[in-house]
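For the single chain, residues carry numbers from 1 onward in sequence order.
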Amino acid sequence: MGESAEHRIEVHLDELLAARGMTLVELSAIVGVTVANLSILKNGHARAVRFSTLTAICDALDCTPGELLTVTKG
């Protein structure tokens with residue numbers, strides 16, 4: 001199975017950060033992931049996300065993975 005350049009995953013990190021009055025820099029400090037890597041995730045360019053990172057982001061933002069990531073209809 002080959003990798004496609006396109007995917008249908010939407011990342012709602014901007015919305016969650018705004019709703020909580022938090023910046024990407026603040027989230028980075030809490031989660032222990034670089035701002036650059038969070039930015040890659042936020043912009044939908046990440047190729048993978050570790051469950052430990054996903055858990056830390058969800059803990060920091062008090063959200064579920066389903067609030068952070070959704071699949072669009074294709």
**Item:** Straight-line distance of I57 CD1 to E67 CD, nearest 0.5 Å
**Value:** 13.5 Å
**Request:** Please lay out, stage by stage, how L27 and L38 fare under the test side-chain contact (heavy atoms from CB on, under 4.5 Å).
**Result:** CA-CA 9 Å; L27 181 62; L38 287 176; 4.0 Å; yes
**Message:** Restricting to non-hydrogen atoms, name the atom on A60 and the atom on M22 that form the minimum distance, rounded to 0.1 Å.
**Reply:** O-CE, 3.9 Å
**Complete:** Taken to the nearest 0.5 Å, the spacing of L54 CG from L69 CG works out to 6.0 Å
**Asked** Among the clusters formed by ILVMFWY side chains lying less than 4.5 Å apart, do I40 and I9 turn up in the same one?
**Response** no
**Asked** What is the distance from atom NZ of K73 to atom CZ of R8, rounded to the nearest 0.5 Å?
**Response** 9.0 Å
**Item:** Worked verdict on T23 versus L17 for side-chain contact (heavy atoms from CB on, under 4.5 Å)
**Value:** CA-CA 6 Å; T23 68; L17 287 169; over 6 Å; no
**Heavy-atom pair with the smallest gap, counting every atom of V33 and N37** = CG1-CB, 3.7 Å
**Item:** Heavy-atom closest contact (P65 atom, C58 atom, distance)
**Value:** N-SG, 3.5 Å
**Complete:** Looking only at heavy atoms, the pair that brings E10 and H12 closest together is OE1-CE1, 3.6 Å
**Fill in**
In short, R20 meets C63 closest at the heavy-atom pair NH2-CB, 4.1 Å
**Request:** Measure the CG-CG distance between L24 and L13 for me, rounded to the nearest 0.5 Å.
**Result:** 6.0 Å
**Asked** Between L41 and V11, which heavy-atom pair has the shortest distance, and what is it?
**Response** O-CG2, 3.4 Å
